[in-house]
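For this chain, numbers begin at 1 and follow the sequence in order.
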Amino acid sequence: VQLQASGGGLVQGGGSLRLSCAVRGSRNSIDTWAWYRQAAGKQREFVARITRGDIPDYADSVKGRFTISNDNAENTVTLQMTSLKPEDTAVYYCAALQPDKHYLSPIQANYWGKGTQVTVSS
């Protein structure tokens, strides 16, 4: 499985961005699609995930502002981000996890895409 994230950029606080993760290869072994982020000087952290059954979950810090979706026909996993805050500034990564992995821990992810930078100005 190969993942390619895109859509990052610079946005003012309160603005919106839409991140996309293009998926190449077989999805059959993947149970969960997820987004993580890593701010400068901090550890990578969980942001959002969606299961094969389209069940989402979010970090408390983004709940109500971010929406994750999975489009099997387009082979894309999307993260819609609204009401962005300066503390959302980070490199965002999409990832894929097999069934025996727990999404809350970034080290559990089986596949990673290259990150895309999101910068939110105050």
Side-chain angles (χ1 to χ4, degrees):
V1 176
Q2 293 181 323
L3 308 173
Q4 179 63 56
S6 61
L10 173 63
V11 64
Q12 281 192 330
S16 300
L17 278 176
R18 184 181 180 92
L19 304 184
S20 292
C21 180
V23 179
R24 293 185 178 181
S26 175
R27 289 171 162 250
N28 293 338
S29 67
I30 303 304
D31 182 70
T32 300
W33 306 94
W35 287 92
Y36 299 87
R37 66 187 181 187
Q38 187 166 15
K42 295 187 176 181
Q43 291 188 334
R44 194 168 297 187
E45 64 177 7
F46 165 73
V47 175
R49 68 88 165 151
I50 190 164
T51 67
R52 291 184 70 174
D54 286 337
I55 299 173
D57 192 20
Y58 301 92
D60 287 343
S61 59
V62 307
K63 203 168 289 184
R65 300 188 296 122
F66 291 10
T67 302
I68 189 171
S69 59
N70 180 21
D71 188 332
N72 286 317
E74 295 292 329
N75 280 327
T76 301
V77 180
T78 301
L79 185 68
Q80 179 69 47
M81 305 186 295
T82 63
S83 301
L84 283 162
K85 305 175 182 179
E87 51 263 44
D88 294 318
T89 295
V91 178
Y92 283 70
Y93 299 87
C94 59
L97 295 87
Q98 293 174 335
D100 59 337
K101 305 298 183 181
H102 200 288
Y103 62 91
L104 287 178
S105 175
I107 64 173
Q108 296 274 319
N110 297 97
Y111 304 96
W112 289 95
K114 290 184 179 180
T116 184
Q117 176 71 47
V118 171
T119 303
V120 184
S121 63
S122 56

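At a threshold of 4.5 Å between side-chain heavy atoms, the hydrophobic network of Ile, Leu, Val, Met, Phe, Trp and Tyr places Val91 and Leu19 in two separate groups. Connection of Ile50 to Trp35 is established within a shared hydrophobic cluster, with ILVMFWY side chains joined at heavy-atom distances below 4.5 Å, either directly or through further cluster members.
Across every non-hydrogen atom of Leu104 and Pro106, the tightest pair is O-CD, 3.4 Å. Here the closest non-hydrogen pair linking Gln80 and Arg18 is OE1-NH1, 3.0 Å. Closest non-hydrogen pair, Thr67 versus Tyr58, comes out as CA-OH, 3.4 Å. Between Gly7 and Leu17 the shortest heavy-atom distance is O-CD2, 3.9 Å. When all heavy atoms are compared, the tightest approach of Leu3 to Cys21 is CB-SG, 3.8 Å. In terms of heavy atoms, Ala95 sits closest to Ala109 at CB-CB, 3.9 Å.
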message = Determine whether Ile30 and Gln98 satisfy the following criterion, side chain to side chain contact (heavy atoms under 4.5 Å, CB included), listing intermediate values before the conclusion.
response = CA-CA 5 Å; Ile30 303 304; Gln98 293 174 335; 4.3 Å; yes
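A cation-pi arrangement is not found for Arg37 relative to Tyr93, the charged atom failing to lie both closer than 6.0 Å to the ring centre and inside a 45° cone about the ring normal.
Between Trp112 and Tyr36, a ring centre-to-centre spacing shorter than 6.0 Å is recorded.
Between the side chains of Arg24 and Asn75, no donor N or O sits under 3.5 Å from an acceptor N or O. Counted by atom type alone, Asn70 and Arg27 present one or more donor-acceptor pairs between their side chains at under 3.5 Å.
Here the side chains of Trp33 and Leu97 are not in contact, with every heavy-atom distance at 4.5 Å or above. Residues Tyr111 and Gln2 are not in side-chain contact: their nearest non-hydrogen atoms beyond the backbone lie 4.5 Å or more apart.
Remark: Asp60 engages Lys63 in a salt bridge, criterion side-chain N to carboxylate O under 4.0 Å. Between Lys101 and Asp31 there is no salt bridge, since no side-chain nitrogen of the basic residue lies less than 4.0 Å from a carboxylate oxygen of the acidic one.
Summarising the geometry, atom OG belonging to Ser69 is positioned 11.5 Å from atom CD belonging to Glu74; distances are rounded to the nearest 0.5 Å. For the atom pair CZ (Arg65) and OG (Ser83), the distance works out to 7.0 Å, reported to the nearest 0.5 Å. From Ser20, atom OG reaches atom CD of Gln4 across 11.0 Å, with rounding to the nearest 0.5 Å.
Between the side chain of Arg49 and the backbone N or O of Ile55 there is at least one donor-acceptor pair closer than 3.5 Å. Checking side-chain atoms of Thr119 against main-chain N and O of Leu10 turns up no donor-acceptor pair under 3.5 Å. With Thr76 contributing its side chain and Ala22 its backbone, the two residues share no donor-acceptor pair below 3.5 Å. Judged by distance alone, the side chain of Thr89 and the main-chain N or O of Pro86 form a donor-acceptor pair under 3.5 Å. Within the 3.5 Å criterion, the main-chain N or O of Thr32 finds no donor-acceptor partner in the side chain of Thr51.
Residues that satisfy the ring-ring contact (aromatic ring centres under 6.0 Å, His included) test with Phe66, not counting sequence neighbours, are absent from this structure.
None of Thr78, Val62, Val47, Val77 except one satisfies the side chain to side chain contact (heavy atoms under 4.5 Å, CB included) rule with Ile68; the exception is Val77.
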